[in-house]
Structures are given as C-alpha cells and as structure tokens.
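Okay, so here's the structure we're looking at.
Letters A, B, ... mirror the listed sequences (proteins, then strands); counts begin at 1. Computed from a predicted structure; not experimentally measured.
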Amino acid sequence: MTETARAWLVKSEPDVFGFDDLVRAPDHTTPWDGVRNYQARNYMRDDMRVGDVVLFYHSNANPAGVAGLAEVASEPYPDPTQFDAGSDYHDAASDRSAPRWWLVDVRATAPLARLVTLAELREDPVLAGLDLPLLRRGNRLSVMPIPAAAVDRIVALAES
DNA sequence: GCCAACGTTGGC
DNA sequence: GCCAACGTTGGC
C-alpha cells in the first residue's frame, strides 16, 4: 500500500443492498460480509484502517455508479457467515482456528449530491490520469484501493 | 438476456 | 505446474 491510497471503493448491487440500505442500517453500519475473493479479502484484512474513506459503488445497476460516501468502521475480523451452514456464504473448508475470510464493518457517512455514473467516471479527464482499478478492462474486484485524489474528484463531480 | 473477462478448481 | 472447464461478475 502507498500512503496516498488510504481510500477504498466497494461494490454492491443496489437490488440486493444499496447505499440507502446502509444508511438505514443500525448506526448506518454493516459487516461487509460475503466477500469470497482473495485479493479483496487481503485489502480488508491487511490494509484497511478504521476511518478510511470508502466510496460505495452500485454495480449491476442502471445506471451503475458511485452512490455515497462511507468509512471503515471496525478492525478486520473473521466473516461469521463462512461458519454458518445456512448462509449462502458458508465455506465448509474454512477452519475456525484459521479463518479464511475476513471483513470490516462499513458505515455510511454521507450520500453524494447525486449518483456519479460509470459513464461519467470514464469520460472524466482528471480521473483518467489516476488509472483507477475500477475503470480497467474486465475489472471484477469488489473491494479495491482508490487514490484520495479520485475521491475528491468524484465528490466534486457529484456537486457539479 | 447476452457475453466477455476473470478467478477457481481439478485432472493430469 | 499447466491448462481446460466451469461458475461468476458486471456492463450493456
């Protein structure tokens, strides 16, 4: 991790759990459970810190885009759903003494003035210079670092 | 619903 | 360790 990358972007399908759902959650907070990708897990387990800025992105949506601002609200801890046989995210191969999947809590801090769409992100010359993982071809990561400058820019776009 | 891109699995 | 098959993601 570089020191300037202390900001993150997380994806969620608004039909399943959108930014408004996070706002309505107790303390505007939810465990970011169900992530089953090692790179995304590593970001949560190893690199996220309480208070880091998080952009909440709506994927598989019409339109897709950044919907709101959030923050990391806990230290990393094992994702309890991996041990829950009734959960879609159950992982029978994960051992309680060495959990495979980790998460952090995410708390909504503020909605953006409006949704900033994926198309806008792609068209913006400032963001183009920041080489966002989100905008790379074929990107599928659900948790990724984002430069702080990109957060500032996206907030500005939302207010424009 | 389609399909390209990607990560994971498992046979060898 | 290779790589084909498979399942999933996510934009459109």
Go through the steps for T109(A) and V54(A) under the test side-chain contact (heavy atoms from CB on, under 4.5 Å), then give the verdict.
CA-CA 9 Å; T109(A) 50; V54(A) 175; over 6 Å; no
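The two atoms that bring L9(A) and Y57(A) nearest to each other are CD2-CB, 3.7 Å, heavy atoms only.
The distance from atom CG of L141(A) to atom C1' of dT9(C) is 11 Å, rounded to the nearest whole Å. To the nearest angstrom, P of dG10(C) lies 13 Å from NE2 of H58(A). Distance, Q39(A) CD to dT9(C) P: 16 Å, rounded to whole Å. Distance, D91(A) CG to dT9(B) C1': 13 Å, rounded to whole Å. For the pair L135(A) CG and dG10(C) P, the computed distance is 14 Å after rounding to whole Å. Whole-Å rounding puts the R36(A) CZ to dT9(B) P distance at 12 Å. In this entry the distance linking NZ of K11(A) with C1' of dT9(C) reads 8 Å, nearest Å. Atom CD in E13(A) sits roughly 9 Å away from atom P in dG11(C) (whole-Å rounding).
N60(A) is linked by a side-chain hydrogen bond (donor to acceptor under 3.5 Å, both in side chains) to E13(A), counting only residues two or more places apart in sequence or in another chain. By the side-chain hydrogen bond (donor to acceptor under 3.5 Å, both in side chains) test, S142(A) is found to be paired with no residue, residues two or more places apart in sequence or in another chain being considered.
Against DNA chain C, the stretch residues 116-124 of chain A makes heavy-atom approaches under 4.0 Å through L118(A).
Between N139(A) and R100(A), the residue anchored nearer the 5' end of DNA chain B, judged by the nucleotide with its closest heavy atom, is N139(A).
Remark: the backbone N or O of L141(A) is paired with a side-chain donor or acceptor of N139(A) at under 3.5 angstrom.
The list of salt bridge (Lys or Arg N to Asp or Glu O under 4.0 Å) pairs with a residue in residues 20-32 of chain A, not counting sequence neighbours, reads D21(A)-R24(A), D27(A)-R107(A). Residue pairs that meet the ring-ring contact (aromatic ring centres under 6.0 Å, His included) test with at least one member in residues 84-136 of chain A, sequence neighbours left out, are Y38(A)-W101(A).
At the phosphate of dG11(C), OP1 or OP2 sits under 4.0 Å from a side-chain N or O atom of Y57(A).
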For nucleotides 1-7 of chain C, print each protein N/O atom paired with a nucleotide N/O atom at under 3.5 Å, atom names and distance only.
none

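With contacts defined as side-chain heavy-atom distances shorter than 4.5 Å, the pair L127(A)/E120(A) does not qualify.
Between D79(A) and R36(A), at least one side-chain nitrogen of the basic residue sits less than 4.0 Å from a carboxylate oxygen of the acidic one, meeting the salt-bridge criterion.
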